[in-house]
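Let me begin by presenting the structure, written as structure tokens, before commenting on it.
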Amino acid sequence: MILWTPSEERVAGTAMERFRVWVFEGDVGDLHRWSVDNAAEFWGAVWDFFGVVGERGERLSQVDGPELYQKRFLPDAKLNVAQNLLGEPSEDLAIIYRSEDGESVELTRAQLHDMVGRTQQLLVDCGVGPGDRVAAWMPNCPETVAIMLATAGLGAVFSSASPDFGPSGVLDRFGQIEPTVLFWCGDYPYNGRRHDCAGRIAEIVKGLSGLRRDVRVEPGWLDGYGAGYGGEPTPVAFRAMPFDHPWYVLYSSGTTGVPKCIVHRSGGLLLKHLVEQQLHCDVKPGDRVFYFTTTGWMMWNWLVSALASDATLVLYDGAPGWPDMNRVYDLADETKMTLLGTSAKFIDACARAGISPIATHDLGSVRTITSTGSPLVAESFDWVYENVKADVHLASISGGTDLCGCLVGGDPTSPVRRGEIQAPALGLDIDVCDDAGESLSAGVEGELVCRNAFVSMPVGFWNDPDGSAYRAAYFEQIDGVWRHGDYVSRTSSGGFVISGRSDTTLNPGGVRIGTAEIYRHVDTMDEIIESIAVGQQWDGDTRVVLFVRMADGVELDNELRERIRQRIREAASPRHVPSVIAAVGDIPRTRSGKMTEAAVRAVVEGKPVKNTNALANPEALEHFKNHPDLVR
């Protein structure tokens, strides 16, 4: 069912259409096939089309061996990513910042240049140079953006964690990469109160070997560095670095062990983000781009790259539902947001809250809404078009920290169909296959894979000198492809439906089931706030166990259990019906808001959860330990 179709005028004005005409004669579907069959030419054309600042070099690719990860793109290119993001000093707005407690800042490109230059001088005084690591335990604010750009300008490597991470969670991450300088904040606002960080910093600093300086970011933190806003701007240094030089270290969620430190390359990530934002999301110069994110989620890195598209960043620090679920829509009207980025969880929460922004807000500037973090179910598509805006490109997108980008996402030149992700990402040969690597037909669920090399494949993992952990993570489960770990099916229209993580799919009677197929039917019931399903080993097989968090005043009785089972049986299939339905007071989530089925399954099976510091609410695991409904 088609929910939205772009007008011919709108299609003609997209960067996707201009790029298609520039490189290729054919429709967008043909463009994707061309971008895959001619990947090296495609990424070279992306560099040229977007006017990347640097030296591209003549060679488009280099093959060092037969494996996907042994192919590199633009091997002779040199650039500085900070230079490409900052652009020239001007009076154009670079950042609009709002915090939950009312703080408001707007920075021009010229002011951001000055802040970056002064931050950079601080780093130089600390001896920071190419390859050194700079870490930020900071909120989503302009200072964090400036610290990242100053770091990248020097050729150093940036890594961040949000201030809601406790000391052990921070040390699990930064302790592995041993930063030279650590930036941190004294406190931050969330859900109507300020949360202290200063009382925790001593433990973090003590645990970071090799740290030369920690810097508290507060008013006056840059006094003494550069001329400041009252004098001449402080110049920014841009060191030209190789295309594959590290830019970021990001981290896996780490709920089953210490987080993996994923090293991302400068040039590849810049090109990937340019493609995703301008071609797939239709970001234009002068647009105002927002994503609700913390600095501990890869969507923060994605968001900041919008500076390279001459867009203005809209940063928000605080809870998206404080004081009520209209806060993000208030912000959209106030800042004239053009891209509103959020998560499926937030959209579901808005629907549950009963709000209807279409009746209370203008939202005239919003052209694109993106959703990620978990599958966006069909009913949530309906809610957006009925309750937020009818004429909007709703792009459900999916990828991850592993590539700091998308494998599948939006297409502003094509219709949006109910419950579907629209298209594969340009330059990526996306397929759905079985465990042997054989392609599956439309409608058949299997593993989401990429069959070709792409520019934002990680350089590797930190402290993985022989690359064995990197290869095991993506390339050894199914030979010859990048296996992403999502359970997915392709639609007849060429879109995708993601059913959940393939490593947490349920397998009763040997039939694989995606958990999202259960949630979409249970979580829409008025009696249920949310649910989580896991497989439990039982009598030589696997049984499906469904935990539900009840609405206020509702009791889970046998009558409601039977209604839940009947709903799942009729809407999905008999094999989706859980053997056990149990009530819990809370459900554990990672700090980026994703439910962690792996952690719940470990608790249910009596196994330890190795890194509870990766959870935003680790105390929720107690609800699942020795649950009376699971006693044999």
Side-chain angles (χ1 to χ4, degrees), residues 97 99-101 103 115-116 119 122-123 126 128 132-152 156-190 193-222 247-254 258-262 293-301 303-304 315-319 401 462 590-593 611-616 618:
Y97 168 69
S99 73
E100 178 190 292
D101 58 1
E103 185 180 359
M115 183 185 287
V116 171
T119 305
L122 186 157
L123 294 175
C126 293
V128 172
D132 286 334
R133 277 78 63 205
V134 173
W137 186 41
M138 290 283 294
N140 180 25
C141 62
E143 290 84 355
T144 311
V145 176
I147 293 164
M148 183 280 288
L149 292 169
T151 300
V157 184
F158 180 79
S159 191
S160 59
S162 60
D164 60 337
F165 277 77
S168 55
V170 174
L171 291 173
D172 281 347
R173 289 158 174 78
F174 294 165
Q176 296 186 67
I177 65 171
E178 300 179 319
T180 299
V181 179
L182 171 69
F183 293 89
W184 58 281
C185 64
D187 60 8
Y188 65 97
Y190 199 86
R193 68 184 185 93
R194 295 199 72 86
H195 301 259
D196 178 69
C197 294
R200 297 177 281 165
I201 190 61
E203 182 180 349
I204 293 172
V205 170
K206 183 179 179 181
L208 294 176
S209 61
L211 189 68
R212 296 176 192 166
R213 182 174 175 182
D214 68 280
V215 180
R216 179 169 179 165
V217 177
E218 57 185 342
W221 69 291
L222 286 174
W247 180 5
Y248 291 128
V249 175
L250 304 182
Y251 305 93
S252 65
S253 60
V258 177
K260 299 188 294 289
C261 303
I262 305 170
T293 181
T294 71
T295 60
W297 188 22
M298 50 84 41
M299 292 311 301
W300 182 86
N301 309 79
L303 168 64
V304 174
L315 308 181
Y316 178 73
D317 184 41
T401 303
W462 199 264
T590 66
R591 294 182 183 273
S592 60
N611 185 13
T612 56
N613 293 308
L615 300 177

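Each residue takes its place number in the sequence, starting with 1.
Rounded to the nearest 0.5 Å, atoms OG1 (T119) and CH2 (W221) are 3.5 Å apart. Rounded to the nearest 0.5 Å, atoms OG1 (T401) and CD1 (I262) are 6.0 Å apart. Expressed to the nearest 0.5 Å, how far OG of S160 lies from CE of M298 amounts to 11.5 Å. Note: R216 CZ to C197 SG = 9.0 Å, rounded to the nearest 0.5 Å. Taken from OG1 in T293 to CH2 in W300, the straight-line distance is 9.0 Å, to the nearest 0.5 Å. Rounded to the nearest 0.5 Å, atoms OG (S162) and OH (Y188) are 7.5 Å apart.
At distances below 3.5 Å, not a single donor-acceptor pair connects side-chain atoms of R200 with backbone N or O atoms of P167. Panel note: side chain T180, backbone V128; no donor-acceptor pair is recorded below 3.5 Å. Remark: the backbone N or O of Q176 is paired with a side-chain donor or acceptor of W462 at under 3.5 angstrom. Judged by distance alone, with hydrogens and angles left aside, the side-chain atoms of N140 form a donor-acceptor pair with the main-chain N or O of Y316 at under 3.5 Å. Using a distance-only test at 3.5 Å, with no hydrogens or angles considered, no donor-acceptor pair links the side chain of T144 to the main chain of M138. Under a 3.5 Å cut-off, the side chain of H195 and the backbone N or O of D164 do not form any donor-acceptor pair. Put simply, the side chain of E203 never gets that close to the backbone of G166: no donor and acceptor are under 3.5 Å apart.
In terms of heavy atoms, T295 sits closest to P139 at CG2-O, 3.4 Å. The two atoms that bring R173 and S252 nearest to each other are NH2-O, 4.1 Å, heavy atoms only. Closest approach of P259 to D172, counting heavy atoms only: CD-CB, 4.0 Å. Heavy-atom minimum distance, R212 versus C126: NH1-O, 3.0 Å. Taking all atoms of both residues into account, the shortest heavy-atom contact from E143 to M115 is CA-SD, 4.2 Å. When all heavy atoms are compared, the tightest approach of P142 to L315 is N-CD1, 3.8 Å.
The shortest distance between side-chain heavy atoms of L122 and R213 falls below 4.5 Å. With contacts defined as side-chain heavy-atom distances shorter than 4.5 Å, the pair F183/L123 qualifies. A 4.5 Å side-chain heavy-atom check between K260 and Y251 finds every atom pair outside the cut-off. Side chains of S159 and Y248 form no contact here, defined as non-hydrogen atoms less than 4.5 Å apart. A 4.5 Å side-chain heavy-atom check between C141 and D317 finds every atom pair outside the cut-off. You'll find the side chain of V217 reaches within 4.5 Å of the side chain of I147, heavy atoms only. At least one side-chain heavy atom of Y97 sits under 4.5 Å from a side-chain heavy atom of E103.
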What do the steps show when you test L208 against L171 for side chain to side chain contact (heavy atoms under 4.5 Å, CB included), and what is the final call? CA-CA 7 Å; L208 294 176; L171 291 173; 3.7 Å; yes
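By the side-chain contact (heavy atoms from CB on, under 4.5 Å) test, V170 is found to be paired with W137, F165, F174, I204, residues two or more places apart in sequence or in another chain being considered.
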